[in-house]
Amino acid sequence: MKLDQSFYQRNDVTKIARELLGKGLFTRFSGKTTGGTIVETEAYSNSERGCHAYQNRMTRRNEMMFGDGGHAYVYLCYGIHNLFNIVTNGAGEADAVLIRALEPLEGVQFMMKRMNVKSERRITSGPGKLTKALGIDRSFNGDPLWSKHLWLEDVGQFIPAGDIVRSPRIGIDYAGKDALLPWRFTVKGNSWLSK
DNA sequence: TAGAGGATTGAT
DNA sequence: TCAATCCTCTAC
C-alpha cells in the first residue's frame, strides 16, 4: 500500500526519517519496476546548519523543500550525483529526509543495467548510486510520492527499535556543531549501507 | 557576471 | 588521497 500524504506532513522530521527505514521506494518506467527497501536515511530541518533551507533561506534550488510534505526534492551534488530527498512537514516548513541507501527488492537486473555493472553488489548503497539505479534525476524535483512513476510503499517490513542505529550525518562538516546531531538512521548490520 | 564550493563516488 | 564535473549561490 502506498504511503498516505499524512505520513509525510507530520511536524517531526527525525521521527519520519526513522519510520522510513523498512519502507519501499520504487520507480516504474516502460513497464519495468525498480526499487528496494530503505535502510539508511538522514533528517534535515530548517533549524540547523546542515540544511539547505537553514533559517528558512529559500533559493531556486531548495524551493521545493518549502512545499507540502510528500513531494520529492532532488538536486545535483558535486556536479555529478542526483540526491533524492523526501519533503516533510506542512507547506512553509522546510524539512526533508535524504534517502542514502536501499536494499534491492525489485528489478535488480534492470538496476544493474542502469549502473552498467555485472554484479548486484552495492548497486544501491549510497545516495548518488540509488538515484542512478532507480532512474531518478532532477526532472523528478517536486513530484508527488504517490505517482505511478515514483512512489513509497509499506512493504510489510518491520524494523525493531533495537535494530535502528542513530549516528551523525555524513559530509556536512561545514555545519559546525550541528554536524554532530545524531540524525542519521541506519538498519543495524545491514549489508547495503553506504560507506 | 565571475569565482568558489558542494548532503559523492570510485580509482590510485 | 584525489579528481571528476556542473550547477547554484554569493559577492562584486
Side-chain angles (χ1 to χ4, degrees), chain A residues 8 12-18 20-21 23 25 36 38-67 69 71-89 93-104 111-143 145 150 152 165-187 190-195:
Chain A
Y8 308 104
D12 191 338
V13 68
T14 57
K15 182 182 172 79
I16 295 170
R18 196 166 62 235
L20 280 168
L21 296 178
K23 298 292 192 291
L25 170 64
I38 297 168
V39 295
E40 177 173 344
T41 62
E42 282 180 2
Y44 288 86
S45 162
N46 59 54
S47 62
E48 46 84 19
R49 300 188 109 85
C51 185
H52 289 165
Y54 175 54
Q55 289 182 329
N56 284 320
R57 194 167 52 88
M58 195 193 299
T59 65
R60 201 164 62 222
R61 178 177 69 165
N62 73 12
E63 64 178 341
M64 285 306 165
M65 287 182 75
F66 291 81
H71 295 262
Y73 168 43
V74 185
Y75 75 97
L76 184 68
C77 185
Y78 295 110
I80 305 169
H81 306 289
N82 293 293
L83 267 54
F84 174 74
N85 295 253
I86 291 170
V87 176
T88 70
N89 215 332
E93 296 293 329
D95 295 347
V97 177
L98 171 68
I99 305 303
R100 289 189 57 87
L102 299 179
E103 177 169 341
M111 290 195 283
M112 284 165 53
K113 198 172 171 185
R114 289 198 185 111
M115 299 298 282
N116 196 27
V117 295
K118 297 261 193 312
S119 161
E120 70 180 87
R121 194 173 134 74
R122 308 191 68 76
I123 49 174
T124 53
S125 59
K129 292 160 70 172
L130 70 91
T131 53
K132 187 176 178 192
L134 268 63
I136 296 172
D137 61 27
R138 281 175 302 152
S139 69
F140 289 79
N141 191 33
D143 281 7
L145 299 176
L150 170 68
L152 273 88
V165 179
R166 297 183 67 141
S167 55
R169 294 168 295 175
I170 306 294
I172 55 165
D173 292 346
Y174 59 82
K177 66 175 170 49
D178 287 338
L180 302 176
L181 291 169
W183 283 12
R184 174 176 179 238
F185 299 90
T186 55
V187 176
N190 190 281
S191 55
W192 297 93
L193 303 180
S194 69
K195 277 197 299 188

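Per chain, numbering begins at 1; letters A, B, ... match sequence-line order. For the numbers below, each heavy atom of this structure counts, side chains included, while hydrogens, waters and symmetry mates do not.
- Nearest nucleotide to the L76(A) side chain, out of dA4(C), dA7(B), dC7(C): dC7(C).
- One interatomic measurement links the two molecules: CZ of R49(A) to P of dG5(B), which rounds to 17 Å at whole-angstrom precision.
- Taking atom CG of residue D137(A) and atom C1' of nucleotide dT5(C), one finds them 16 Å apart after rounding to whole Å.
- Y8(A) approaches G69(A) most closely through the heavy-atom pair CB-C, 3.7 Å.
- I80(A) comes within 4.0 angstrom of a base, heavy atoms only.
- A side-chain donor-acceptor contact under 3.5 Å links T14(A) and D12(A).
- With distances taken from any side-chain atom of H81(A) to the nucleotides dC7(C), dA7(B), dT8(B), the minimum falls on dT8(B).
- Atom CG in N46(A) sits roughly 17 Å away from atom P in dA7(B) (whole-Å rounding).
- Scanning residues 122-131 of chain A for heavy-atom distances under 4.0 Å to DNA chain B yields G126(A), P127(A), G128(A), K129(A).
- Atom pair Y54(A):OH and dT10(C):P shows a separation of 14 Å (rounding to whole Å applied).
- With centres under 5.5 Å and a plane angle under 30°, the ring of Y44(A) is stacked against the base of dA7(B).
- The closest side-chain heavy-atom distance from Y73(A) to R61(A) is below 4.5 Å.
- The structure places CG of D95(A) at 11.5 Å from CG of N85(A), a figure rounded to the nearest 0.5 Å.
- Here dC7(C) sits opposite dG5(B) as a Watson-Crick or G-U wobble pair (both hydrogen-bonding atom distances under 3.5 Å).
- The phosphate of dA7(B) (OP1 or OP2) has a side-chain N or O of Y174(A) nearer than 4.0 angstrom.
- For dG6(B), neither phosphate oxygen OP1 nor OP2 lies less than 4.0 angstrom from any side-chain nitrogen or oxygen of Y78(A).
- For K195(A) and dT1(C), the NZ to P distance is 14 Å, given to the nearest whole Å.
- The separation between L181(A) atom CG and dA7(B) atom C1' is 14 Å, rounded to whole Å.
- Annotation: dA2(B) and dT5(C) have their P atoms spaced 23 Å apart (nearest Å).
- Heavy-atom minimum distance, S47(A) versus Y54(A): O-CE1, 3.8 Å.
- One can place CD of E42(A) at 12 Å from C1' of dT8(B), the figure rounded to the nearest angstrom.
- Contact check of residues 57-64 of chain A against DNA chain C (heavy atom, cut-off under 4.0 Å) returns R57(A), T59(A), R60(A), R61(A).
- The distance from atom CE of M58(A) to atom CG of N46(A), rounded to the nearest 0.5 Å, is 11.0 Å.
- dT1(C) is paired with dA11(B) under the criterion used here, namely a Watson-Crick or G-U wobble arrangement in which both key atom distances are under 3.5 Å.
- Using a 4.0 Å heavy-atom distance criterion, R138(A) is classed as a sugar-phosphate-only contact.
- Rounded to whole Å, the distance from CG on L83(A) to C1' on dG6(B) is 10 Å.
- Atom CZ of residue R122(A) and atom CG of residue L193(A) lie 8.5 Å apart, to the nearest 0.5 angstrom.
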